[in-house]
Amino acid sequence: VLFRSLASELLAAGSAEACVDLGLKQPPKAGDGPPAADYLSVVADCAEKLPDADPRKKQAREAAVKVLSGVVHDPRSPLSADDRADAMRMLRELYLALGDTTAAHGIAEEAVKLLDDAANHAPTPAYAATFNMHRVDAYTYLGRGEALIPALEANVAALPGEYDPA
């Protein structure tokens, strides 16, 4: 949490280089779970501000992929399904930034399976709705957004009193 806060302050101050250097010198570990993902998200945002020719940009992305992949794929990682899906989205974006469309597609497929399972086993329609935005994101990325419409419509129908059920 301390390094995430420091990285956020560096980013806000316009010190993307210092933020990336911090991320490369003080990388989180996969076992750090959600705080690792949050920290890496900030460092990745900082890396985006570096010139493409700066080797630290690629180094920061690769380091983030390594840790985020560990966080996402560790069954002991204390992530809720929507937090894990958010980390998967970050991982997908990093893969795309590194030019690895195959890995990006693969992690999106994993996210669809995770989120569909979570929504299908949710104890209430309202709880199932918490996965809708992540599901839309993953399905849309895969070019299958229309396939999700029946499930979203069913969820909306199950929540007639909600003004924004999906």
Side-chain angles (χ1 to χ4, degrees), residues 1-119 129-145 148 152 164 166:
V1 175
L2 174 65
F3 288 121
R4 183 202 183 284
S5 296
L6 180 54
S8 293
E9 289 298 320
L10 291 169
L11 178 61
S15 299
E17 295 87 357
C19 172
V20 170
D21 289 340
L22 174 69
L24 292 172
K25 290 177 186 168
Q26 297 292 334
K29 296 173 184 58
D32 293 342
D38 290 344
Y39 174 43
L40 288 170
S41 175
V42 174
V43 173
D45 288 345
C46 293
E48 287 306 309
K49 299 195 179 303
L50 297 180
D52 289 339
D54 190 325
R56 295 174 298 172
K57 187 171 196 166
K58 183 177 180 186
Q59 291 168 352
R61 288 172 173 165
E62 289 172 341
V65 163
K66 182 178 178 182
V67 175
L68 272 177
S69 184
V71 168
V72 163
H73 294 109
D74 181 355
R76 298 165 303 176
S77 186
L79 295 170
S80 63
D82 60 324
D83 285 343
R84 191 174 304 272
D86 194 43
M88 289 174 157
R89 180 197 49 77
M90 287 188 281
L91 191 53
R92 184 184 79 217
E93 290 173 0
L94 286 163
Y95 282 136
L96 289 171
L98 289 167
D100 192 343
T101 56
T102 301
H105 184 88
I107 199 69
E109 289 287 359
E110 287 183 53
V112 163
K113 289 176 188 166
L114 169 77
L115 292 163
D116 283 350
D117 184 61
T130 64
F131 306 111
N132 287 346
M133 292 300 290
H134 288 298
R135 292 174 81 193
V136 167
D137 176 67
Y139 272 84
T140 302
Y141 170 77
L142 292 168
R144 301 194 315 244
L148 186 59
L152 295 175
D164 186 17

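Small disclaimer: the values here were computed from a predicted structure and weren't measured.
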Where do [X] and [Y] come nearest, in terms of heavy atoms and distance?
X: E48; Y: K57; result: O-NZ, 3.5 Å
X: A108; Y: A138; result: O-CB, 4.1 Å
X: C46; Y: A16; result: O-CB, 3.5 Å
X: S69; Y: L91; result: CA-CD2, 3.9 Å
X: V43; Y: A7; result: CG2-CB, 4.4 Å
X: I107; Y: A104; result: CG2-O, 3.3 Å

Is the shortest heavy-atom distance from the side chain of [X] to the side chain of [Y] under 4.5 Å?
X: D38; Y: V42; value: no
X: M88; Y: H134; value: no
X: K49; Y: V20; value: no
X: L22; Y: Y39; value: yes
X: L50; Y: K58; value: no

Side chain of [X], backbone of [Y]: donor and acceptor closer than 3.5 Å?
X: R84; Y: S77; result: yes
X: S41; Y: A37; result: no
X: R61; Y: A97; result: yes

Over-ring placement of R144 relative to Y139, 6.0 Å and 45° cut-offs: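 The answer is yes, since R144 meets both limits relative to Y139.
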
Carboxylate-amine/guanidinium contact K66 E62, below 4.0 Å: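 A salt bridge is absent here (no side-chain N lies under 4.0 Å from a carboxylate O).
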
Residue list, salt bridge (Lys or Arg N to Asp or Glu O under 4.0 Å) with D137, at least two apart or on another chain: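 Here the qualifying residues are R92.
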
Set of salt bridge (Lys or Arg N to Asp or Glu O under 4.0 Å) partners for D82, sequence neighbours left out: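 Not a single residue meets the salt bridge (Lys or Arg N to Asp or Glu O under 4.0 Å) criterion with D82.
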
Separation of R135 CZ from L114 CG (nearest 0.5 Å):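 One finds 10.5 Å between CG of L114 and CZ of R135.
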
Gap separating the CG atom of L148 from the OG1 atom of T140, nearest 0.5 angstrom: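 Spacing of CG (L148) from OG1 (T140) equals 7.5 Å.
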
The single option from T102, T101, V65, L68 passing side chain to side chain contact (heavy atoms under 4.5 Å, CB included) against Y95: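 Exactly one option meets the side chain to side chain contact (heavy atoms under 4.5 Å, CB included) with Y95, and it is V65.
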
L40 and M90: CA distance, side-chain angles, deciding distance, side-chain contact (heavy atoms from CB on, under 4.5 Å) verdict: CA-CA 9 Å; L40 288 170; M90 287 188 281; over 6 Å; no

